[in-house]
Amino acid sequence: MKTDTRSTPRLRNDPLVRGLGWASALLGVPQVVAPAGFARALGVGDDARQRSATTAVGVRELTAAAGLLGRPHPAWLWSRVGGDLMDLTLLARALKNHDGRGLGRTVAATAAVTALTATDVYAAVTRTRRSTPMELTATTTVAQPPDKVYALWKDLERLPDFMAHLDEVRVTGPRTSHWRAEAPFGNTVEWDAETTEDVPGQRIAWRSVEGADIDNSGEVRFTPAPGDRGTEIRVTLRYDLPGGAVGKAAARYFGEEPHQQLDDDLRRFKQIAEVGEITRSEGAPSGKRARGEFPQHPAQPLTEDELKEALA
């Protein structure tokens, strides 16, 4: 696993990161300038201990603001998460020992910090570029000659027809293309790719270029199948998938189980190559809707409820 620790233009221009930076600034200034008034506004009192704690929190917020607005880095986002947890601990203690005056304001402040903590956790997790290499392989046999199968795969703009996670592939040059795919939280991921090897009727290899949302590379080999049965296709895909919680989200983007997703993609490619279209029953939805309504997964035993339903 590796971690990208650099401040990047991607973070510098990220609206959520900048928004959290300004939030830190707006929270930090009044806590440093008027700690007693800020503490009273939260309903936690304004004695010397509360004023000192409020000032310290304000300094922390201003430091985070300077980092997020000046040299944005995931470490500043994680520092906000740590600070949020400290704030929630202080507020919980204040609620436990509250004298009742201004209790509503303290409860409201606790709810607001809880919501802000969730936002900070989301930002920190999704902006931290930890990654884990993953390699997927799959094979299938198509009842067509290698030259014809190669020509079909080389038509990159048709890849979304059978690769369920892809929204669009656009050819941008003789050996370059732009890819867009669905991503978690209603977003998309995009990258530019270059063809690194192209042997007609035998092999196509590619890799993403610098700046890709998800680094990836792969190759497809086309070899005559034994017994003159057509073409054996072998696909190898390599992804630098984000780790931790982001990795789980990325796995959803590639399908509930990445190896199963690749097998499903090749099955659809085989149908297109052999019969010209993807076959399905009349009642089954098509396209991206089918992926959402009928997610694929490896074979597994029936649950107790499913078994009862089947027996009924």
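Model, not experiment: these values are computed from the prediction.
Although no hydrogens or angles enter the test, the distance criterion places no donor-acceptor pair under 3.5 Å between the side chain of S177 and the main chain of G173. Judged by distance alone, with hydrogens and angles left aside, the side-chain atoms of T139 form no donor-acceptor pair with the main-chain N or O of R234 at under 3.5 Å. A side-chain donor-acceptor contact under 3.5 Å links R229 to the backbone of P226. Of the possible donor and acceptor atoms, none in the side chain of K270 sits under 3.5 Å from a partner among the backbone N and O of T140. Judged purely by atom type and a 3.5 angstrom limit, R51 has no side-chain atom pairing as donor or acceptor with the backbone of A36. No donor-acceptor pair under 3.5 Å is formed between the side chain of H178 and the backbone N or O of E168. Between the side chain of R105 and the backbone N or O of R40, at least one donor-acceptor pair lies under 3.5 Å.
Linking ILVMFWY residues whenever their side-chain heavy atoms come closer than 4.5 Å, directly or via other members, places L11 and L16 in the same cluster. V57 and V81 are members of different hydrophobic clusters when ILVMFWY side chains are connected at heavy-atom separations under 4.5 Å. Follow the hydrophobic side-chain contacts under 4.5 Å out from L156 and you reach F269 in the same cluster. Hydrophobic cluster membership differs between L90 and F38, with clusters built from Ile, Leu, Val, Met, Phe, Trp and Tyr side chains linked at under 4.5 angstrom. Grouping the Ile, Leu, Val, Met, Phe, Trp and Tyr side chains by contacts below 4.5 angstrom, directly or via other members, places W22 apart from L20.
The closest side-chain heavy-atom distance from T236 to E135 is below 4.5 Å. The side-chain heavy atoms of N216 and L237, taken from C-beta on, include no pair separated by under 4.5 Å. The side-chain heavy atoms of V17 and W76, taken from C-beta on, include no pair separated by under 4.5 Å. Side-chain contact check for V209 versus W191: every heavy-atom pair is 4.5 Å or farther apart. The shortest side-chain heavy-atom distance between S217 and S208 does not fall under the 4.5 Å cut-off.
Counting all heavy atoms, side chain and backbone alike, L42 lies closest to A109 at CD2-CB, 3.7 Å. Minimum interatomic distance between A64 and S79 (heavy atoms only, all atoms of both residues): CB-OG, 4.4 Å. Nearest heavy-atom pair, A273 versus V142, reported as atom, atom and distance to 0.1 Å: CB-CG1, 3.5 Å.
In the model, S24 has a side-chain atom that pairs as donor or acceptor with a side-chain atom of R80 under 3.5 Å.
Take P200 and apply the side-chain contact (heavy atoms from CB on, under 4.5 Å) test, not counting sequence neighbours, and it matches Y150, D198.
Taking the six-membered ring for Trp and thresholds of 30 and 60 degrees, W153 and F222 have ring planes more than 60 degrees apart, a perpendicular arrangement.
L262 contributes atom CG, which lies 6.0 Å from atom CG of L136 (distance to the nearest 0.5 angstrom). Distance check, rounded to the nearest 0.5 Å: CG of L85 to OG1 of T117 gives 6.0 Å. Taking CG from D99 and CG from L103, the interatomic distance works out to 9.0 Å, rounded to the nearest 0.5 Å. Residue T172 holds its OG1 atom at 10.5 Å from CD of E194, rounded to the nearest 0.5 Å. The line from CG of D84 to CE of M86 is 10.5 Å long, rounded to the nearest 0.5 Å. R60 contributes atom CZ, which lies 9.0 Å from atom CG of L27 (distance to the nearest 0.5 angstrom).
Under 4.0 Å is where a charged nitrogen must lie from a carboxylate oxygen, and between E190 and R180 no such pair does. Between D263 and R268, none of the side-chain N atoms (NZ, or NE/NH1/NH2) sits under 4.0 Å from a carboxylate O, so this pair counts as no salt bridge. Of the charged side-chain nitrogens involved, at least one lies within less than 4.0 Å of a carboxylate oxygen, so that R221 and E219 count as a salt-bridged pair. Using a 4.0 Å cut-off between a side-chain N of Lys or Arg and a carboxylate O of Asp or Glu, E157 and R170 do not qualify as a salt bridge.
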side-chain contact (heavy atoms from CB on, under 4.5 Å) evaluation trace for L166 with W179: CA-CA 8 Å; L166 290 178; W179 301 55; 3.7 Å; yes
From CA spacing to verdict: side-chain contact (heavy atoms from CB on, under 4.5 Å), I272, R158: CA-CA 10 Å; I272 291 176; R158 291 197 62 184; 3.5 Å; yes
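Heavy-atom contacts from other residues, nucleotides or ligands closer than 6.0 Å to CG of D228 number 12 or fewer. Around atom CZ of R101, no more than 12 heavy atoms belonging to other residues, nucleotides or ligands sit under 6.0 Å away. Open room surrounds CZ on R207; 12 or fewer heavy atoms of other groups in view lie less than 6.0 Å from it.
Its side chain within the 4.5 Å cluster rule, V59 clusters with V29, V32, V33, L62 among the Ile, Leu, Val, Met, Phe, Trp and Tyr residues.
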